[in-house]
Amino acid sequence: MLEEKKQASADQELDSFVEELQQQILEETRQVYGDTAYERWLNPVYNGTIDSPDGYGCVTGPCGDTMKIYLKFKDDCVKEASFMTDGCGSSNICGSFAAEMAIGKTPDELSDITQNAILEKLGGMPEEDEHCALLAADTIQDALNDYRVKQTSRQEKKEL
Ligand code: FES
């Protein structure tokens, strides 16, 4: 009986230690990344694929992480956007913001989604993670390029 009580108390201590540790990690992450990026890290919206995208970008950064961006256009404006990445938490945050920023943009406006524009939108990142925003920006530009190539070939087919 005594042994069982001891075990239960040890389990409880371990649980509260783990919970405290988790809270500490979350708080440290919030402090390092700031509120905006932290909230997005917890809830990386726009994550996923889009069937038959009008623009598809896939870029592997020098760190080895790959990002994919899917764009769906209507009337030459982005109607839907999403991202996928096998990268770090920061690349998930940046991909999510890049997809969000793409929605409603014309092709010309998509060119304005640069590394700096993403960093500004999410309120900055630690210097060592800034390259994750570059990966997201490069992937958006790759998807834009794909859209333009497809548009040009559609145009050429019409003219034949
Ligand atoms: Fe590779 Fe973040 S470390 S994209």
Side-chain angles (χ1 to χ4, degrees), residues 14-153:
L14 184 65
D15 283 353
S16 64
F17 171 73
V18 169
E19 204 173 304
E20 264 174 44
L21 197 62
Q22 277 172 340
Q23 284 308 320
Q24 199 182 321
I25 290 169
L26 289 175
E27 196 40 49
E28 279 170 13
T29 307
R30 183 193 282 279
Q31 278 171 12
V32 170
Y33 287 95
D35 285 346
T36 308
Y38 173 78
E39 296 300 333
R40 190 56 64 97
W41 175 63
L42 291 180
N43 181 26
V45 286
Y46 306 107
N47 187 223
T49 60
I50 294 175
D51 284 341
S52 317
D54 301 311
Y56 167 71
C58 178
V59 175
T60 299
C63 60
D65 294 337
T66 298
M67 188 170 298
K68 297 173 181 176
I69 294 269
Y70 305 81
L71 301 175
K72 200 91 176 163
F73 285 75
K74 191 163 184 235
D75 301 329
D76 219 27
C77 263
V78 177
K79 281 287 159 215
E80 259 186 274
S82 69
F83 81 99
M84 294 284 285
T85 182
D86 61 0
C88 59
S90 307
S91 61
N92 273 278
I93 295 168
C94 293
S96 179
F97 274 108
E100 179 179 283
M101 290 165 78
I103 294 171
K105 299 274 194 311
T106 63
D108 282 349
E109 290 168 340
L110 283 176
S111 310
D112 297 336
I113 303 179
T114 59
Q115 177 188 26
N116 280 342
I118 294 169
L119 288 171
E120 210 171 290
K121 175 90 179 169
L122 58 80
M125 286 222 130
E127 208 180 318
E128 63 272 21
D129 291 338
E130 287 182 348
H131 70 276
C132 308
L134 180 61
L135 177 61
D138 286 349
T139 314
I140 283 277
Q141 299 315 313
D142 196 42
L144 171 61
N145 190 43
D146 180 52
Y147 173 69
R148 286 191 159 135
V149 168
K150 284 175 181 161
Q151 285 295 92
T152 307
S153 93

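Numbering of ligands and ligand atoms starts at 1, following listing order.
Looking only at side-chain heavy atoms (C-beta outward), Leu135 and Thr139 come within less than 4.5 Å of each other.
With 3.5 Å as the limit, one finds no donor-acceptor pair spanning the side chains of Asp51 and Tyr70. Looking at Asp76 and Tyr147, their side chains do bring a donor and an acceptor atom within 3.5 Å of each other.
For atom 4 (S) of ligand 1, the closest non-hydrogen atom on the protein side is Asp65 OD2, 3.4 Å.
Between the side chain of Thr85 and the main chain of Thr66, a donor-acceptor pair closer than 3.5 Å is present. Between the side chain of Ser111 and the backbone N or O of Asp108 there is at least one donor-acceptor pair closer than 3.5 Å.
Close approach of ligand 1 to Ser91 is summarised as follows: ligand atoms under 4.0 Å from at least one heavy atom of the residue are 2 (Fe), 4 (S). Listed by number with element, the atoms of ligand 1 under 4.0 angstrom from any heavy atom of Leu135 are 4 (S). With ligand atoms numbered from 1 in the order given, ligand 1 contributes 1 (Fe), 2 (Fe), 3 (S) to contacts under 4.0 Å with heavy atoms of His131.
Between Lys74 and Glu80 there is no salt bridge, since none of the side-chain N atoms of the basic residue sits less than 4.0 Å from a carboxylate O of the acidic one.
Only the side chain of Cys63 comes within contact range of ligand 1, with a heavy atom under 4.0 Å; no backbone atom does. In Met67, neither the side chain nor the backbone holds a heavy atom less than 4.0 Å from any atom of ligand 1.
Residue contacts with ligand 1 include Cys88, since one or more of its heavy atoms lies under 4.0 Å from the ligand.
Coordination check, Cys94 versus atom 2 (Fe) of ligand 1: failed, since every N/O/S atom of the residue sits at 2.8 Å or beyond.
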